[in-house]
Amino acid sequence: MKAEQKILPDATSLITAAAEHFVSTARSAIAKRGVFYVALAGGSTPKGLYEKLATSPYIEQIDWARVHLFFGDERCVPATHDDSNFKMARQAMIDLIPIPAENVHRMPTESGDAADVAVRYADTMKMVMDGAPFDLVLLGLGPDGHIASLFPETPALDVTDTLTASLYVEKFDSWRVTITYPVINAARQVIVFIAGEAKAAIVNDITTDAVSGLPVQRLAPENDYYWFMDKAAAGQ
Ligand SMILES: O=C(O)[C@H](O)[C@@H](O)[C@H](O)[C@H](O)COP(=O)(O)O
C-alpha cells in the first residue's frame, strides 16, 4: 500500500499539522473503543511533535487517562541515558501531560540484555493490548531508510513470529530493540515523519524508485498510511 503524502511548507507547520492529526486520531480511537494505543518513535522530528502535544490547545483535547504510550524502538541503555528514546519522550511530553504512570510502557532496558528486553516488552504488549493492534505507530525515517530500529541488512527485518526483535547495529555500535513488521503493518494507522533537507536525498531515491528493498520500502501497512513531510525533505 502506498502512503498518502502530506507535505507542509516548513518544519513548524509540519509539527502543527501532525499534532492536530494526532489529537483527532486519539479522540476518534477513544470515542470508538475507549482507549488509544500508540507507539512512539525516537528521533528529532517526532520530538517536536511530543513537545507540541504537551502544550495548549492540544494537551487539553486528549483524555490522557485513556491513552497507552508504548515505544516502537529503544536503544538498550538505562532510562536515564541521553540515548534513551524514553528519556527524550519523558522530557518532551510525558512529564508534562496528565497521563497515569501505569499507562506509560517503556522498554525495561536496565538489564542491558537486548534479547531479554525484547521478550519482556512483547509480553507487556500482549498483556496490555490483549491482541488489539496499535491505533497509531509513529515512525521517523533514517537517511539509510531505516524505520523504528529496523535497519538495512539486519536479521530483525525478517522476524515475523514475534512482536519485538533485538539487534546489534554496527554503525552505532549499539544494541537496540524494535517492534517488528507484522506489528507495524497491522496498526490501524502508520505515520512516517520526515523533515529537513538532510532527508531529501533518501526521499527522492524512494519516490523515484532509484532504490529498492530498504526497510521503509518493505513496510506494507494494512490500514491508513501517511508520510508527513516538510518541503525541504520532499524536495519541493
Ligand atoms: O530511535 C531511533 O533512532 C528512531 O526511532 C529512529 O528510527 C529515528 O526515528 C530515525 O532515525 C529518524 O530520526 P530523526 O528524526 O532524528 O532524523
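Counting convention: from 1, in listed order, for ligands and their atoms alike. Numbers here are sequence positions counted from 1.
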Look at atom 13 (O) of ligand 1 and say which protein heavy atom is nearest, naming residue and atom and giving the distance to 0.1 Å. Gly43 CA, 3.6 Å
Is there a nitrogen or oxygen of Gly42 sitting under 3.5 Å from a nitrogen or oxygen of ligand 1? yes
Protein contact to atom 12 (C) of ligand 1 [nearest heavy atom, distance to 0.1 Å]: Leu141 O, 3.5 Å
Is there a donor-acceptor pair under 3.5 Å between the side chain of Trp175 and the backbone N or O of Ala115? no
So, Asp205 side chain and Ala210 main chain: donor-acceptor pair closer than 3.5 Å or not? no
Output for pair (Phe86 CZ, Thr109 OG1), nearest 0.5 Å, gives 9.5 Å
Between Tyr181 and Pro215, is there a donor-acceptor pair closer than 3.5 Å when you use the side chain of the first and the backbone of the second? yes
Mind checking what makes side-chain hydrogen bond (donor to acceptor under 3.5 Å, both in side chains) contact with Arg106, not counting sequence neighbours? Glu110
Which part of Ala148 is near ligand 1, with near meaning a heavy atom under 4.0 Å away: side chain, backbone, both or neither? backbone
Close approach of Arg176 to ligand 1, heavy atoms, under 4.0 angstrom: yes
Measure the acute angle between the ring planes of His105 and Phe70, then classify it against the limits of 30° and 60° as parallel, tilted or perpendicular. parallel
Write out the residue and atom name of the closest protein heavy atom to atom 1 (O) of ligand 1, then the distance separating them to 0.1 Å. Asn85 ND2, 2.8 Å
Spacing of CZ belonging to Phe71 relative to OG belonging to Ser84, to within rounding of 0.5 Å: 7.5 Å
Does any N/O atom on Asp73 come nearer than 3.5 Å to any N/O atom on ligand 1? yes
For atom 15 (O) of ligand 1, which protein heavy atom lies nearest, and how many Å away is it? Thr45 OG1, 3.0 Å
Location of contacts on His146 toward ligand 1, heavy atoms closer than 4.0 Å: side chain
Pair Asp82 + Arg75, salt bridge at N-O below 4.0 Å: no
Nearest protein heavy-atom contact for atom 3 (O) of ligand 1: which residue, which atom, what distance? Arg75 NH2, 2.7 Å
Any heavy atom of Lys199 closer to ligand 1 than 4.0 angstrom? yes
Could you see which bit of Leu139 sits under 4.0 Å from ligand 1, with heavy atoms only: side chain, backbone, both or neither? neither
